[in-house]
Every structure is written in C-alpha cells, then in structure tokens.
Colleague: 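Here it is, the structure in full.
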There are 2 protein chains.
Amino acid sequence: MRDVAQTAGVSVSTVANVLNNPAVVAPATRERVEEAMASLGFVRSGPARQLRGLPSRLVGSVTLDQANPFYAELNRGIEDRLDEAGCLVLACSTDIEPEKELRILRLLEEQSPRGIIVTPTGENLAELAAVSRRGTPVVLLDATRGDLDLCAVGVDHEAGGRLAGDHLLGLGHRRIAFLSAARDVAPVRARLSGLRAAVSGAGAPPLLEVRMALGDLFSGTEEAVSALLALDDPPSAIVCLNDIAAVAVVRALERRGVRVPGDVSVMGYDDVPFAAHVQPALTTIRRPIRELGRVAADLLLAEGVPTHRHQELIFPPDLVVRATTAPPRDGS
Amino acid sequence: MRDVAQTAGVSVSTVANVLNNPAVVAPATRERVEEAMASLGFVRSGPARQLRGLPSRLVGSVTLDQANPFYAELNRGIEDRLDEAGCLVLACSTDIEPEKELRILRLLEEQSPRGIIVTPTGENLAELAAVSRRGTPVVLLDATRGDLDLCAVGVDHEAGGRLAGDHLLGLGHRRIAFLSAARDVAPVRARLSGLRAAVSGAGAPPLLEVRMALGDLFSGTEEAVSALLALDDPPSAIVCLNDIAAVAVVRALERRGVRVPGDVSVMGYDDVPFAAHVQPALTTIRRPIRELGRVAADLLLAEGVPTHRHQELIFPPDLVVRATTAPPRDGS
DNA sequence: TTGAAAGCGCTAACAT
DNA sequence: ATGTTAGCGCTTTCAA
C-alpha cells in the first residue's frame, strides 16, 4: 500500500480512502491511485485488516468426513450461503476422532475466523463452549445444544427413527434390525432410539442391533450382513444408519442371493443425492441437507449482530418410500 | 500476549520464547507463563504471525463443485496431506463459472494463503499465472500447464478416452456415443478426443456426441438419452463424461425398457466410490482421486523451499471392467 | 480533499 | 535467561 501511495504520489491514507471510502476522494486522485494499484498488482492483506479488528472472512466447517456425500452436500450449503456474504469455508474432517477434532479446533481458532460450524463427535462439547466463550462464535450442526449456550441446527432423529419403524411395521415387518457403526455418535443413537420406540410400541420382538466396522465409505457391512443372516430368526427388514451403508447392505444381500425387497427390506437415512439413483432406488428418511448447511451459515453470520441471541433450530425428517422396502415374504 | 506476560510477571518476549523456543526459558518461568496462558485462555493470533511474514497455514482449493463426489474425494486427499503439515483447506466451488472463479481467486489471494490448488474452468489461466507471479503459489489440478510456469498434476485423459474406446471396440461395438455436458471443460474434451481417435482408428462409424444440461448432480440426462434412442441408428454403447452421469444414464435407459448391458453398454469415468456399488456395477475409467489431491498438496507445500522448480505430473488412468458393458446384441 | 500518526498481536534482532 | 524495540500492512481518528 505504501508502494501504491508512492507510485501515485499520495499518502497511504489516501490509498486507504480509495479502498474504503472512494466517494471522499477527488476523481482525478482516485484514478491515479487505481492505476497505481493495477500496475503494481496490489492485493489487500486480509491478515492485516483482521489485525486491525475488522471481521474475518473465514469460517470453519468441521464435519466427520468431507468426502462423505452427506457432509459434502452440507459443506456446499454452507459455502453457498457464505459466498453471498463474501466469506470462505475452511473444510475439515475429524474422522470421529476426538483428539483430531480438538487439534482442528485449536488450529481454526488461531486463524481467528468469523466463526466455526461443527458437527461434533460428541466428546468435546465443553471445549466448544470454551471456544465460543473466548470469542469465536460456534454453531452446532446435527447436534442438540443441551445446556450449552450456543446456536444449533439439528434434525429430529428420534422422529426419523420412528418414521422408519412405522413404515416397516405398517408393511407388516416384525423382526427388524438396525445397523449402526463401531463408533457411536449422538444423531445415530437418536435414530436407534426412535426406531426402538416404534418397534416396542407395536409389540413387535425387540429390535436387533448390529454394528459395522468403520473404514472407507461403503466398506464394513459384509460381516454385519453375514451375522444377521446367520441368525436363527433373521430379520425381514434392516434399517441402516445412513444411505451409504444401506447401498452396501443391499449389495451384500444380493451377492448372497437374498433379494431386496423381496426377501428383506432395507432402509437408508439422509437421502443423499445418489439414493434415488441406485438400483433398486433406496427407501430412506430424508433431511434437507443443503438447507441445513445454509441455515447453519445464516446463524453463524447472525452472531455478528449485537442483539443476537443464541437459538436452536430443529428440522423434521421425511419418509421417502422407494424400491427397497416391501411387505415381508411370510407373515413374520 | 501482553496480558499473559503481565499475569506471569514477565515480558512479552519471554512469552514468545515459551511459544517458539521453549528450551531457552527457565523451567520455573516457563511453567508460570504456561499457567498464565491456560488461565487466560490464550490463543495465538494467526493473522498477526502472518503479518510478521511467517508462512500461512491456509491453502485454497478451488474445484468445480465440492458437492460432486469426485471433488469431495479430491478435497479429502488434499486435506489429508495438508493436515500432516498443520495446514487447513479453504474449499471453494466455481460451478464452472469463470466470473465466480475469478471472484474466489481474488478473495483467496487476499487471505495471503500458503498457496492455491485449482481445477480451472479454463477461462482464467492467465489470471492464475498472475496470481502466482504476485507471490501466491498456484498448482493446477486436472489440467495441463501448457506454457504457464506453474506446477500441475493431471491425468492423461486422451489415454482414458482411448481406453474406453478400445474396451468397447474390443467387445464388438461400432456405433458409440459420448455424453458430454453443456459447458465444456478441457479434461472432458481430452477424453472425447481420445475416444474419437480410438473409434476412427478402428474404422468404426464416426463417434456420436450428445450434450447434457448442467444442473443438479444426476439430472439432465433424460433428454440426452431420449435423443440418442430416437436416432435411426442408435448407438450400442454410451460413454459418459463421468460416473454420476453414467449412473443417471443407466437409470434413464432402464426406465425406457432398454437393458444395460444387454441392449446398450454404458461406461462412466473417474471410478468414484459409489461406482462399484450401484446395480449393475459401473464399468469405468479409474483415476487415483485421493492420490491426485495428495500429490497436488505435496507440490504446493514444496513451493516453499527455495530450490523449488515447477513440475508437471501426469497420472495414467485405468480401465475397470464391471457390469455395465457387454458385447452388442447384434453385430452392430 | 489529503496527510500524519498510533496501534492491532506478534517475532526476531539485539541488548542486558 | 530475560527484556527492549522495531516493524509487518492496514484502518482510523485527528489535523491541516
């Protein structure tokens, strides 16, 4: 900026004025300064502006895995909303490892971002509150705020679980299994609990639960499916923690000669983009993924205004019936 | 930092020493300072460090759409490598709009990041060179550097197109179509050109080309498929610009009663994670997606060292034969 | 309409 | 082993 000033034959504060308050600068002077900026390839320094106390244009987004289509969509929703505000997304993945989450949180905090949107592993909630208290706004995504004084946007997963259960029960299924993952996370636990409530409320046999290994997307379901099939009284319906697992389960089942939905019904969760395009198309519980991201970004941006009050938004999920569910073969 | 110094009864530079050069501080003093930091909830200011000329921990990643599974994977590869270096990814999507790309580039440059990894729309290559010249390292991803003095990591898409063509030709197909998108981009053009070379080299009839509308993932193939099917002499094989389109094409075909691969063969490109898990599993051209991201991040990080010379890395793609290709029904 | 100067939080060279 | 100080690039009073 000093160079620009020199080249244009003005002082730095005049350059500052053409940048921040052009109306106050004489047209001739302004033009001269603008030429100097162009010829020197001048680029404002974000860090210097932040140091002066201006709002940062960076926002952290901490998800479990940005390669997972659900979080990729979420990040896109966040990005779209932030883009309108001239902000940029720092996309981070925790792999559900609390230590990694903590490390990322620290690193993010050091950048003094406008705020951080986080899908928590569940282990570091107190730390998140601390980050917020220190001055970096935090909004929880796909989590309930509990007694924390933070903004949160979530989904009623209990209702989602119930929706899945009621659909299957309505079809005549009684023997139902839930596929969860080796590492538990609150949103999945809530789905399980809603599903279990529906099942036991209908007087059906207790819900089966199997866990799949963590790993690459789509992997880890083989053993779980084998275990289920080896049961004396195998389930006629399997609801999966998410669409990715559901697609893998359908494949694993068909590879073993079990027809879907003829022999067993399968449900996913999320309704990620490809869920409608696999064969057979997935019956699933939808949540408005991009919208969730957009709203979280909105909340984050709103933390800037002085009158801001923290709030929690809960979205209801929907049942989307497609081709992986049908009545059970026999009466069981 | 001044507060910490005061609370610990030392000077700021002692605080700086426990931060950057702990060995030089007396254990007792160090402990006192560390306590002060903890009790005050001290967090280093990244912006201030950058202003002092220390390397930034931010790296921009500009892709066409971070919600697209291919770019989501790519970003994950970048993130994984950067994570080891203590850096964070700024994930941006251009939607193949040159103006948006330009806007994002400017915004990124203002943050004075360690560098920018970009999958270019193709319109702003000169600008990218300018960014680099101004001091922000740029590495091109999924693009050739041409005469630009930049690092680049790419894939030999001509070879990929040829691989697809040879596979289909080997199966006995003669009448082949390529599905591209309304907005053209260099990597797709290269695939087309490789495919065309294979087709004409085999003396088969000229390659058909249809374009699909841009829009949401998985949408826009309906009209293209209809157009192809309405032809006097419809193709017996369709190669798609990517796996997402291929999945949608398979669906569109089957919805019209056309069996895949019985009636027509379909190929994708990329081998994104779900390609192996759709039904029928997709025959496609694989490229090492995460690896591409990791290598790009490596190259970017390497720009820091003084002896660095720009380089271009080209990865060869592979043919992955699965279940969407088969010999044509008749001899055509 | 333009300029001078202080200071944001930090680091590094130097002095003690 | 610890302290003093200048300065990174910018914004923002305040003065001219």
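Labels below follow one simple rule: chain letters A, B, ... track the order of the sequence lines, proteins then strands, and each chain is numbered from 1.
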Colleague: Thr14(A) side chain N/O closer than 4.0 Å to the phosphate oxygens (OP1, OP2) of dT2(C)?
Modeller: no
Colleague: Does Glu110(B) have any side chain to side chain donor-acceptor pair (under 3.5 Å) partners at least two apart in sequence or in another chain, and if so, which?
Modeller: none
Colleague: Could you work out, with side chain to side chain donor-acceptor pair (under 3.5 Å) as the rule, every residue matching Asn124(B), not counting sequence neighbours?
Modeller: Glu101(B)
Colleague: For residues 77-89 of chain A, which residue pairs qualify under salt bridge (charged side-chain N to carboxylate O under 4.0 Å, His left out), counting only residues two or more places apart or in two chains?
Modeller: Arg76(A)-Glu79(A), Arg76(A)-Asp80(A), Asp80(A)-Arg290(A), Arg81(A)-Glu84(A), Arg81(A)-Asp298(A), Asp83(A)-Arg103(B)
Colleague: Produce a footprint string for nucleotides 10-16 of chain C: one letter per nucleotide, 5' end first; B if the base is under 4.0 Å from any protein heavy atom, S if only the sugar-phosphate is, - if neither.
Modeller: BBB----
Colleague: Got a sec, which residues hit side chain to side chain contact (heavy atoms under 4.5 Å, CB included) with Leu40(A), two or more places apart in sequence or on another chain?
Modeller: Asp3(A), Val4(A), Thr7(A)
Colleague: With sequence neighbours left out, write down each residue that passes salt bridge (charged side-chain N to carboxylate O under 4.0 Å, His left out) with Arg106(A), or none if nothing qualifies.
Modeller: Glu127(A)
Colleague: Can you list every salt bridge (charged side-chain N to carboxylate O under 4.0 Å, His left out) pair that touches residues 41-52 of chain A, not counting sequence neighbours?
Modeller: none
Colleague: Does any residue of residues 30-39 of chain B have a heavy atom under 4.0 Å from DNA chain C, and if so, which ones, in number order?
Modeller: none
Colleague: Among residues two or more places apart or on two chains, list those pairs meeting salt bridge (charged side-chain N to carboxylate O under 4.0 Å, His left out) that have a residue in residues 136-145 of chain A.
Modeller: Asp142(A)-Arg287(A), Arg145(A)-Glu312(A)
Colleague: Ser93(B) versus Val62(B): any side-chain heavy-atom pair under 4.5 Å?
Modeller: no
Colleague: Can you give me the first and the last nucleotide of DNA chain D (5' to 3') that has an atom within less than 4.0 angstrom of a non-hydrogen atom in chain A?
Modeller: dG9(D) to dT12(D)
Colleague: If a pair satisfies salt bridge (charged side-chain N to carboxylate O under 4.0 Å, His left out) and one of its residues is in residues 26-43 of chain B, list it, with sequence neighbours excluded.
Modeller: none
Colleague: Here's a test of your reading of the structure: between Leu51(B) and Pro27(B), which maps to the more 5' nucleotide of DNA chain D?
Modeller: Pro27(B)
Colleague: Verify, without hydrogens or angle tests, whether Ser45(A) (side chain) and Ala48(A) (backbone) share a donor-acceptor contact under 3.5 angstrom.
Modeller: yes
Colleague: What bend angle does the helix from dT1(C)-dA16(D) to dT16(C)-dA1(D) show across its length, from five-pair end axes and to the nearest 10 degrees?
Modeller: 40°
Colleague: How close or far is atom C1' of dG3(C) from atom CG of Asn17(A), stated in whole angstroms?
Modeller: 10 Å
